[in-house]
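Accompanying notes for the structure given below.
Sequential numbering from 1 along the given sequence is applied to the chain's residues.
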Amino acid sequence: MKILLFCSLLVMFGACTHPVQQISIDRKALVNRNNPQFSAFDSLASLSVGNGEFAFTVDITGLQTFPDAYKKGVPLGTQSQWGWHSFANMDGYRHEETLSEYDFGRGHKELYAVQSQEDKRQKNASDWFRANPHRLHLGVIGFEWGDEAAISDITRISQTLNLWEGEILSRFTWKGNEFNVRTVCHPAQDMISAHIDSHLHTGIKFHFPYPTGIHTDNACDWDANDKHSTEVLKQDTQSAVLKRTLDSTVYYVELKWEGKALLKEKEKNYFVLLPQEDAFSFSCAFTANEPDQLAVLPDFFEVESLAKNHWVNFWEEGAAVDFSHCTDPRAKELERRVVLSQYLLAIQCAGSTPPQETGLTYNSWFGKYHLEMIWWHQAWQPLWGHSELLSHTLEWYKTVEPIAREVARRQGFDGIRWMKMTDPSGVEAPSSVGSFLIWQQPHFIYLAELLYRSNPDKKVIEKYNYLVQETAKFMYAFATYDELGVRFILKGAIPAQETLNASTTINPPFELSYWYFAMQIAQIWRERAGEKRNLEWDELIDKLSPLAYNEDGLYLAAENAIDTYKDIRFTSDHMAVLGAVGILPMNKLIREDYMKNTLQWIWDNWNWGKTWGWDYPMTAMNATRLGEPEKAVEALLMNKRTNTYLPNGHNYQDPRLRVYLPGNGGLLTAIALMCAGWDGCEIENPGFPKNGKWNVMWEGLSPMP
């Protein structure tokens with residue numbers, strides 16, 4: 001078993017020391033052997049290009065010619081981090097109208113933004129703030145073949161995503177005419193470029209929808225042309241600028257083409273670019289700001305070169321894991337998932353705001369993001385040598401700090417309470433579940449710590465320490481001191497296992513372990529910043545309740561959930577108890593033998609049909625830390641619907657969530673742990689069986705805490 005790593009980071013619990021591998025990985029070969037290749041139409045096999053801020057998803061034509069054919073598959077989205085829209089607030093709803101008062105026995109009333117079913121005005125206000133703002137589909141770009149064209153007309157299909165260079169190559173025949181299409185995305189602009197070789201001179205359509213504002217869909221309402229407009233602001237023989245107006249939302253579309261072509265308006269919000277030559281290319285950029293002059297965009301070949309350089313650097317500078325020397329027949333599929341997940345997360349979950357669960361492909365939860373999921377989307381980045389991607393996103397937390405502080409204040413707590421479901425504004429979306437979650441709170445501390453470990457520089461402390469401390473202030477204030485039991489407890493919250501209730505849940509195990517871990521890290525950050533330890537926080541760390549268990553030595557879903565192993569409500573959804581060891585290191589609140597008992601029971605009896613994509617890597621991380629590598633591998637490859645990875649690499653959940661990027665991110669974090677281990681780990685590749693079949697080679701990974 002060969003490993004390339006020398007751990008010299010300053011870490012919390014000591015350093016991992018593994019031997020240095022002498023043979024480097026052929027990264028180009030590793031990536032290219034996992035290129036998705038298709039020869040037939042599959043609505044779940046669309047491909048994307050992107051840069052973290054913007055993504056463009058295409059069908060088998062290399063553009064978005066047949067969006068309806070993919071509507072119930074992996075939709076053909078054109079989405080950005082900045083592209084949002086709100087319907088007019090005609091009734092003047094105010095966010096405070098979504099608030100309801102609760103008393104969780106902490107000595108003060110607490111106000112939560114919820115979905116009321118009793119007061120009509122409050123319900124309507126909650127519905128409005130949940131749906132607004134919603135993420136935009138910026139526009140469909142495809143071949144103009146008329147309304148009668150069908151995807152069944154496409155034959156001789158050969159499509160490849162060149163992962164190493166970030167380019168989609170599409171060859172096909174349409175009604176006897178051959179097409180060769182190359183599609184790329186600019187690495188630093190919200191822009192795609194395409195080159196088309198065809199004797200047919202087919203037009204390129206630019207068709208713009210109105211948003212739907214629906215919970216989960218492709219965000220395209222094609223029956224509302226009267227509600228939005230597209231006008232040509234500027235135009236010459238090689239370029240044009242279009243202005244899009246949707247109620248109070250305005251954005252711009254810049255077009256540039258090489259070769260002779262005519263831009264014509266087919267109908268309202270529908271333009272067609274008609275090429276006059278066999279070889280034709282164009283670039284299309286989307287921007288929230290009006291361009292100062294007529295589209296000054298790089299041509300296709302410039303964008304292609306920039307994209308290639310960007311992706312080669314991405315693959316060469318980050319970590320790599322090579323399974324080609326493994327003889328276990330499952331290794332090939334695991335490598336495919338690992339490589340494709342890196343690409344998908346880089347283009348969809350590495351922007352200036354946190355990602356939504358369906359990335360920049362299509363809308364779920366109205367296009368909003370869930371802060372309890374950011375760890376699953378992005379914790380892998382510093383572990384895989386891409387800390388700059390996470391650092392880029394964490395800047396957003398600074399912009400919404402005043403709103404998070406107000407959430408804590410109205411609930412009677414110090415510090416800042418990070419919201420759960422939100423948008424770039426940071427306004428908390430009302431929810432009967434999400435507003436009561438607390439496990440998103442320690443994420444900021446954990447992620448900041450991963451950044452510091454990847455670059456143990458004082459500047460990192462200066463950059464994030466204030467938010468780390470304010471996050472911990474809330475965590476201390478949220479915990480309740482039980483004088484009778486001489487301990488701190490956690491209550492009045494819905495845990496990560498969302499089948500439990502806020503009013504009755506006491507001491508959920510994952511949250512207890514997370515409080516213990518994050519408060520310790522916050523204290524270490526104080527010391528790194530030259531500050532004294534907070535003695536009250538030390539008391540919390542010392543007196544935090546241990547995890548509750550039953551007479552069989554099995555950890556409970558909560559201290560008062562005595563029927564955990566009898567009631568299906570407690571054995572469905574996320575098996576969050578496993579996150580207490582796996583996501584987090586072993587700690588004094590936990591007995592290792594009881595956690596092993598719990599893992600085995602869950603393995604044999606859990607309602608796996610009610611799980612989510614990140615539950616499998618969470619199980620794998622737990623098994624790895626508990627010395628069960630065969631279970632770790634089996635968990636990652638368990639044959640369950642929510643652990644399905646499509647041909648394009650997306651983690652499929654169900655007919656609603658055909659894309660679920662937290663599963664992809666969790667997979668990469670689990671692989672990092674299974675290879676590089678954790679602080680103090682002395683086992684090589686601790687997450688892989690020592691049976692001679694898992695000769696996993698890797699380089700550039702960092703150990704977890």
Side-chain angles (χ1 to χ4, degrees), residues 53-54 56 63-65 67 76-90 132-147 185-186 189-194 202-213 218-276 280-299 360 363 367:
E53 290 289 324
F54 169 84
F56 181 74
L63 297 174
Q64 299 169 329
T65 307
L76 311 183
T78 306
Q79 295 195 327
S80 70
Q81 301 291 7
W82 54 262
W84 295 77
H85 167 270
S86 290
F87 297 126
N89 187 356
M90 302 299 293
N132 294 282
H134 38 262
R135 200 182 298 262
L136 284 171
H137 190 304
L138 298 174
V140 168
I141 305 171
F143 287 107
E144 175 63 16
W145 284 329
D147 296 336
C185 176
H186 195 289
Q189 297 182 39
D190 299 342
M191 181 178 77
I192 64 108
S193 291
T202 300
I204 307 299
K205 65 180 176 184
F206 299 88
H207 198 183
F208 302 102
Y210 190 71
T212 62
N218 65 358
C220 294
D221 182 351
W222 298 110
D223 298 318
N225 257 352
D226 58 326
K227 296 181 179 179
H228 62 122
S229 65
T230 309
E231 60 179 302
V232 179
L233 285 186
K234 306 165 187 175
Q235 184 176 2
D236 64 16
T237 58
Q238 301 298 134
S239 59
V241 176
L242 310 180
K243 179 181 180 181
R244 295 275 295 126
T245 304
L246 309 90
D247 304 307
S248 60
T249 299
V250 175
Y251 68 92
Y252 301 86
V253 183
E254 299 179 76
L255 301 175
K256 180 181 178 181
W257 54 90
E258 292 85 50
K260 294 180 180 180
L262 297 174
L263 181 66
K264 293 187 176 182
E265 185 174 8
K266 179 178 179 179
E267 59 186 63
K268 189 176 181 183
N269 301 309
Y270 195 150
F271 292 77
V272 178
L273 183 62
L274 298 166
Q276 309 296 307
F280 174 72
S281 59
F282 70 91
S283 296
C284 178
F286 300 87
T287 175
N289 302 310
E290 181 177 352
D292 294 332
Q293 52 188 323
L294 202 56
V296 181
L297 302 179
D299 63 24
L360 298 170
N363 280 359

Looking at every heavy atom in both [X] and [Y], which two are closest together, and how far apart are they?
X      : Y      : result
Ser283 : Met191 : CB-SD, 4.1 Å
His186 : Pro298 : CD2-CG, 3.9 Å
Gly142 : Leu63  : CA-CB, 3.8 Å
Asp190 : Ser80  : OD2-CB, 4.2 Å
Gly203 : Pro275 : CA-CD, 3.9 Å
Cys284 : Val253 : SG-CG1, 3.6 Å

Roughly how far, to the nearest 0.5 Å, is [atom2] of [Y] from [atom1] of [X]?
X      : Y      : atom1 : atom2 : answer
Ile141 : Lys205 : CD1   : NZ    : 11.0 Å
Asn269 : Asp226 : CG    : CG    : 10.0 Å
Asp299 : Lys256 : CG    : NZ    : 6.0 Å
His228 : Asp221 : NE2   : CG    : 7.5 Å
Leu76  : Thr65  : CG    : OG1   : 8.5 Å
Leu274 : Trp257 : CG    : CH2   : 10.5 Å

Item to complete: Check the pair Val241, Glu290 against side-chain contact (heavy atoms from CB on, under 4.5 Å), reporting the backbone distance first and the verdict last.
Response: CA-CA 9 Å; Val241 176; Glu290 181 177 352; 5.7 Å; no

Is there a side-chain contact between [X] and [Y], using heavy atoms and a 4.5 Å cut-off?
X      : Y      : result
Thr249 : Leu136 : yes
Cys185 : Phe56  : no
Leu273 : Leu262 : no
Arg244 : Val250 : no
Arg135 : Leu360 : yes
Phe206 : Thr230 : no
Tyr270 : Val272 : yes
Leu255 : Ser239 : no

Worksheet item: Hey, are Asn363 and Gln79 close enough side-chain-wise for a donor-acceptor pair under 3.5 Å?
Response: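 Yes, side-chain donor-acceptor contact under 3.5 Å.
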
Practice prompt. Indicate whether the side chain of Thr202 and that of Glu144 have a donor and an acceptor atom separated by less than 3.5 Å.
Written response: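 No - no donor-acceptor pair under 3.5 Å links their side chains.
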
Item to complete: Return yes when atom NZ of Lys268 has more than 12 non-hydrogen atoms of other residues, nucleotides or ligands closer than 6.0 Å, and no otherwise.
Response: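 Above 12, so yes.
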
Worksheet item: Take atom NZ in Lys266; do more than 12 heavy atoms of anything else shown fall under 6.0 Å from it?
Response: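 Buried by this count: over 12 neighbours within 6.0 Å.
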
Practice prompt. Determine, stepwise, if the pair Tyr210 / Trp222 fulfils side-chain contact (heavy atoms from CB on, under 4.5 Å).
Written response: CA-CA 7 Å; Tyr210 190 71; Trp222 298 110; over 6 Å; no

Fill in: Any donor-acceptor pair under 3.5 Å from Thr78 side chain to Gly139 backbone
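Yes: the side chain of Thr78 pairs with the backbone of Gly139.
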
Worksheet item: Can Leu242 and Phe208 be said to form a side-chain contact (heavy atoms from CB on, under 4.5 Å), step by step?
Response: CA-CA 11 Å; Leu242 310 180; Phe208 302 102; 4.0 Å; yes

Worksheet item: Angle class for the His134/His85 ring planes (parallel below 30°, perpendicular above 60°, tilted otherwise)?
Response: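 Answer is tilted, since the angle falls between 30° and 60°.
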
Worksheet item: Is the Trp145 ring parallel, tilted or perpendicular to the Phe143 ring (thresholds 30°, 60°)?
Response: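 Trp145 vs Phe143 ring planes: parallel.
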
Item to complete: I would like to know whether Trp84 and Asn132 meet side chain to side chain donor-acceptor pair (under 3.5 Å); could you show each step before the answer?
Response: CA-CA 9 Å; Trp84 295 77; Asn132 294 282; over 6 Å; no

Worksheet item: Given Phe286 and Tyr252, is the side-chain contact (heavy atoms from CB on, under 4.5 Å) satisfied, shown in steps?
Response: CA-CA 6 Å; Phe286 300 87; Tyr252 301 86; over 6 Å; no

